[in-house]
Participant: 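One structure, pasted below without further comment.
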Amino acid sequence: MSGDHSHNDSQIDSGSRVNDSHKHKDKYKDKEHKHKDHKERENSKYGNSDHKEFSEKKHGEKERTKHKDGSTDRHREKDKRKEIKPKKEKENGFSSPPRIKSELNNDDVYHSPKSLKRERDHDETEFKPKKIKLENDKVDKKAKKRKQDEDIKPKKTQKNKKGEVADGKKKAKKEPEEKWKWWEEERATDGSKWSFLEHKGPVMAAPYEPLPSNVRFFYDGKQMKLSPEAEEVATFFAKMLDHEYTTKDTFRKNFFKDWRKEMASEEKSKITDLKKCNFNEMGEYFKAQSEARKAMTKDDKLKIKVENERLLQEYGFCIMDNHKERIANFRIEPPGLFRGRGDHPKMGMLKRRIRPEDIIINCSKGSKHPKSPPGTKWKEVRHDNKVTWLVSWTENIQGAIKYIMLNPSSRIKGEKDWQKYETARNLKKCVERLRNQYREDWKSKEMRIRQRAVALYFIDKLALRAGNEKEEGESADTVGCCSLRVEHINLYPEKDGQDFVVEFDFLGKDSIRYYNKVPVEKRVRLLTSILNKHLQELMDGLTAKVFRTYNASITLQQQLKELTTDENLPAKILSYNRANRAVAILCNHQRAQPKTFEKSMQNLQTKIDAKKDQLSDAKRDVKSAKADLKVRRDEKFKKAVETKKKAVERLEEQLMKLEVQATDREENKQIALGTSKLNYLDPRISVAWCKKWGIPIEKIYNKTQREKFAWAIDMAEDDYEF
DNA sequence: ACCTGTACTTAGGATCAGGGCG
DNA sequence: CGCCCTGATCCTAAGTACAGGT
């Protein structure tokens, strides 16, 4: 932790969220690339009470954006043409080396990638996508089939479309057909998400099993038998006994209030104070259960595994348009106590059991729709092919709708993902124009324009999230760009040798702290709907989040270019991870340092030391073998020398691997790479990199990831340019 | 203009499983 | 061969975006 909380002491005009931006603009402009962004962040999930007060509310107007037809089609047409990009490219070729290397603990050294990335990108000029009509005229390359970047447009057409409804019904053929390449097919253009959909419905939560009678509950020291309803809720609490949640006031209060609602009337009149409740036996019981589970014979474990597999086979797949597709979450969420993240006002509330009567099923009219459990009814069975979900219900804590949808490997998710990256690539083509524009807009005499421009600037430069409005008191107090409040920012005319530094310190999504100091200006206040409306006018399909995708992907591409050296494989992988890490830092993807981190680091160090010892022994052996050889030139000794040398080499390689691993792990202790890899990085960049350097894709993507990115793995060539 | 509801992506932590190791 | 760690998977909360109604 950098522990730098200095922001509180020197309040420079915190009230001036007013725009006097332009004034400093020019200098910023020029020095932008020389400054270093200090980016530090600390994990402060759950906490950080200093962020609590609201000195003001958001306000402002909201606007509606009408546009868009169906949505899917949004990007359709434009995406049709394929283009061949000229190799060129060098995103922003410029220096400002990211010292990814030392980023940790060196807050003043590490330049958050964003700053490097954008200082200038001359793309625009250099980036001239030509829309080449011809099919693969570009035979050049391995005359492969599709060339990387024809945008989302699929070329290999096929009939389907209307025909689907019909054939859909005939049960997808044997299915596991040879890996279906949906990306080679046409997409629907009418806003429909599917033509045929059949599934088995959700797996309901297991019914409550009352505790054995020897597991007792005590109130005020006296044993008390609870009604099953009250007992079930009590077990939820008992299961969390050693979690710190149960010590929090809000949690306890919410829990107790909801618990009492489930009590029978005598229970309710007796049990009036949570502090007098003793759940220990219950807690112990569950602990014992989980111990027992761990200790099960492998036979029993196997049984469970088989059963799970059966469930998966039966409920884990659906038929959508002739293909059997994996469902992501086919189980209904079981009841329990709500665990919000951060300082959530509703933590501890009872998340109630979902009954069939709460559930809406969505499927094809002509399909065999799932039957509700005996004696029950679904709330509704509908046939809406304008949406992708199979099952939905309304959750009782926030009143939000929950859905069962398909796995990321499915066509329906994959297409959308692909489209997302194409939109980001479109942004690449006009990002320079947009940047010039918002810089111009800083000078506008209209406050709204200036605010909008400043917000956009931060979203672009710092990859902040949009910051939708939230209902106060309904969830943790977190913000994004458009909802930042004065107390989240401090302005310093001068700090650490830089002029006009803005210091951000706020809790973002999931109550993850964002802390960063950056030279720049202004303050913001507007609604995301207004911002997005503006963005939409600038580029079809553009919204605030596209900037995150764009900046993440472009940063990866650049960093890979910059960091990859012609070394051994582990070193290359390290480079990849560092490039990935640069993105994760940009996007502020954090994780709690693993509890076992120190220990595992030590273990690794022990291994390294041992390896070093072995190595020096081996080296000594080589020497003595050589000496022997000198004394007596003889095949046998010669061989011995060779063998020993080999051993040294092997050990050196192993040592190097371990050291790389240690470096990687250390640099990564508080950084989560998975989120960006899964959601922000155009997978084609990674695939191309692997191809270019001859690295097996398995080193970068695990099985699940390869499934999700099958489309990219299949289509990207080594020269793919984002 | 404003509000509400819906759909879908993004997110970190909890839990699980299986491979390496003493 | 059981134990320990790690990476994979599961879980579901918390975001973004936009439509539609008034």
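In the text below, chain A, chain B and the rest are named by the order of the sequence lines, each starting its count at 1. This is a predicted model, so every value here is computed, not measured.
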Participant: Could you give the CD1-to-P distance, from A/Ile530 to C/dA17, as a whole number of Å?
Facilitator: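 Distance, rounded to whole Å: 14 Å.
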Participant: Looking across every strand, which nucleic acid part, if any, lies under 4.0 Å from A/Lys301 by heavy atom: base, sugar-phosphate, or nothing?
Facilitator: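 The answer is nothing, as A/Lys301 stays clear of every strand by at least 4.0 Å.
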Participant: Using atom CZ of A/Arg706 as one end and atom C1' of C/dA8 as the other, report the distance to the nearest whole Å.
Facilitator: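 The answer, rounded to whole Å, is 12 Å.
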Participant: Has A/Glu653 got more than 12 heavy atoms of other residues, nucleotides or ligands less than 6.0 Å from its CD?
Facilitator: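 No, the 6.0 Å shell around CD holds no more than 12 heavy atoms from other groups.
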Participant: From the options C/dT6, B/dC8, C/dA17, select the nucleotide whose nearest atom is closest to the side chain of A/Arg665.
Facilitator: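 Output: C/dT6.
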Participant: Consider the side chain of A/Lys607, meaning its heavy atoms from C-beta on, and name the nucleotide among C/dG15, B/dC21, C/dA14 that approaches it most closely.
Facilitator: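 From the listed options, B/dC21 comes nearest.
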Participant: Is there a side-chain contact between A/Arg548 and the phosphate of B/dT9, meaning an N or O under 4.0 Å from OP1 or OP2?
Facilitator: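 For A/Arg548, the contact criterion (side-chain N or O under 4.0 Å from OP1 or OP2 of B/dT9) is not met.
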Participant: So if I take every side-chain heavy atom of A/Ala592 and compare against C/dT6, B/dG13, C/dA13, which nucleotide ends up nearest?
Facilitator: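 So the nucleotide nearest the side chain must be B/dG13.
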Participant: Side chain of A/His344, heavy atoms from C-beta onward: which of C/dA14, C/dA17, B/dT9 has the nearest atom to it?
Facilitator: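 When the side chain of A/His344 is considered, C/dA14 is the closest of C/dA14, C/dA17, B/dT9.
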Participant: Could you tell me whether A/Ser475 contacts a base, only the sugar-phosphate backbone, or nothing, with contacts defined as non-hydrogen atoms closer than 4.0 Å?
Facilitator: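 No contact.
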Participant: By the 4.0 Å heavy-atom rule, please label A/Ala476 as base, sugar-phosphate, or nothing.
Facilitator: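 Since no nucleic acid heavy atom lies under 4.0 Å of A/Ala476, the category is nothing.
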Participant: Can you confirm whether the side chains of A/Gln654 and A/Lys611 place a donor and an acceptor under 3.5 Å from each other?
Facilitator: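 A/Lys611 and A/Gln654 do have a side-chain donor-acceptor pair below 3.5 Å.
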Participant: What is the separation between atom CG on A/Asn308 and atom P on B/dT15, rounded to the nearest whole Å?
Facilitator: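 So the CG-P distance, A/Asn308 to B/dT15, works out to 16 Å.
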Participant: The side chain of A/Arg591 is closest to which nucleotide in this list: C/dT12, B/dG13, C/dA17?
Facilitator: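 Ranking C/dT12, B/dG13, C/dA17 by closest atom to the A/Arg591 side chain puts B/dG13 first.
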Participant: Look at all strands and tell whether A/Tyr680 reaches a base, only sugar-phosphate, or nothing, counting heavy atoms closer than 4.0 Å.
Facilitator: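 A/Tyr680: backbone/sugar contact only, no base atoms under 4.0 Å.
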Participant: So which nucleotide from C/dC18, C/dC11, C/dA14 ends up closest to the side chain of A/Arg331?
Facilitator: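 That would be C/dC11.
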Participant: If you find the nucleotide of DNA chain C closest to A/Thr478 and the one closest to A/Met601, which residue's nucleotide is nearer the 5' end?
Facilitator: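 In this pair, the answer is A/Met601.
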Participant: So what does A/Gly480 touch, heavy atoms closer than 4.0 Å: a base, only the sugar-phosphate, or nothing?
Facilitator: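 Here A/Gly480 touches no strand at all.
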Participant: List for me each residue that meets salt bridge (Lys or Arg N to Asp or Glu O under 4.0 Å) alongside A/Lys303, sequence neighbours excluded, and say none if there are none.
Facilitator: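 Salt bridge (Lys or Arg N to Asp or Glu O under 4.0 Å) list for A/Lys303, sorted by chain: A/Asp300.
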Participant: Within the structure shown, what part of the strands sits under 4.0 Å from A/Pro408 by heavy-atom distance: base, sugar-phosphate, or nothing?
Facilitator: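 Nothing, no heavy atom under 4.0 Å.
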Participant: For a quick check under 3.5 Å, do A/Ser686 and A/Tyr576 share a side-chain donor-acceptor pair by atom type?
Facilitator: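 Yes.
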Participant: List in numerical order all residues of residues 388-402 of chain A for which some heavy atom is under 4.0 Å away from an atom belonging to DNA chain B.
Facilitator: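 Hits under 4.0 Å, by residue number: A/Thr388, A/Trp389, A/Ile401.
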Participant: Using the rule side chain to side chain donor-acceptor pair (under 3.5 Å), only one of A/Gln419, A/Lys413, A/Lys420 pairs with A/Asp417; which is it?
Facilitator: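 For A/Asp417, the side chain to side chain donor-acceptor pair (under 3.5 Å) test succeeds with only one of A/Gln419, A/Lys413, A/Lys420, which is A/Lys420.
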Participant: What does A/Lys677 touch in the nucleic acid at a heavy-atom separation under 4.0 angstrom: a base, only the sugar-phosphate, or nothing?
Facilitator: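 No contact.
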Participant: Please tabulate, for side-chain N and O atoms in residues 392-400 of chain A, each donor-acceptor pair with protein atoms closer than 3.5 Å (sequence neighbours left out).
Facilitator:
from     : atom 1 : to       : atom 2 : distance (Å)
A/Glu395 : OE1    : A/Gln398 : N      : 3.4
A/Glu395 : OE1    : A/Gly399 : N      : 3.4
A/Glu395 : OE1    : A/Ala400 : N      : 2.9
A/Glu395 : OE2    : A/Ile397 : N      : 2.9
A/Glu395 : OE2    : A/Gln398 : N      : 2.7
A/Asn396 : OD1    : A/Arg352 : N      : 3.1
A/Asn396 : ND2    : A/Leu350 : O      : 2.9

Participant: Would you mind classifying the nucleic acid contact of A/Thr528 as base, sugar-phosphate or nothing, using non-hydrogen atoms under 4.0 angstrom?
Facilitator: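 No contact at all - A/Thr528 keeps every heavy atom at 4.0 Å or more from the nucleic acid.
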Participant: Measure the distance from NZ on A/Lys545 to C1' on C/dA14 and round it to the nearest whole Å.
Facilitator: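 Value for this atom pair: 14 Å.
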Participant: So, the side chain of A/Asn588 versus the backbone of A/Arg513: is there a donor-acceptor pair under 3.5 Å, distance only?
Facilitator: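 Side chain of A/Asn588 to backbone of A/Arg513: a pair is present.
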Participant: Nearest whole angstrom, please: distance from the C1' of B/dA11 to the NZ of A/Lys509.
Facilitator: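 Rounded to the whole Å, the gap is 5 Å.
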Participant: Taking atom P of B/dG18 as reference, at what distance in whole Å does atom NZ of A/Lys703 sit?
Facilitator: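 In whole Å, B/dG18 P and A/Lys703 NZ are 11 Å from each other.
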Participant: Separation of A/Asn468 atom CG from C/dT16 atom C1', in whole Å?
Facilitator: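 For the pair A/Asn468 CG and C/dT16 C1', the rounded distance is 5 Å.
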Participant: Whether the A/Gln313 and A/Glu309 side chains hold a donor-acceptor pair (N or O, under 3.5 Å, no angle test) is what I'd like checked.
Facilitator: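 Yes, because at least one side-chain N or O of A/Gln313 sits under 3.5 Å from a partner of the opposite role on A/Glu309.
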Participant: Which listed nucleotide (B/dG12, C/dT16, B/dA7) is nearest to the side chain of A/Ile512?
Facilitator: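 Among B/dG12, C/dT16, B/dA7, the one nearest the side chain of A/Ile512 is B/dG12.
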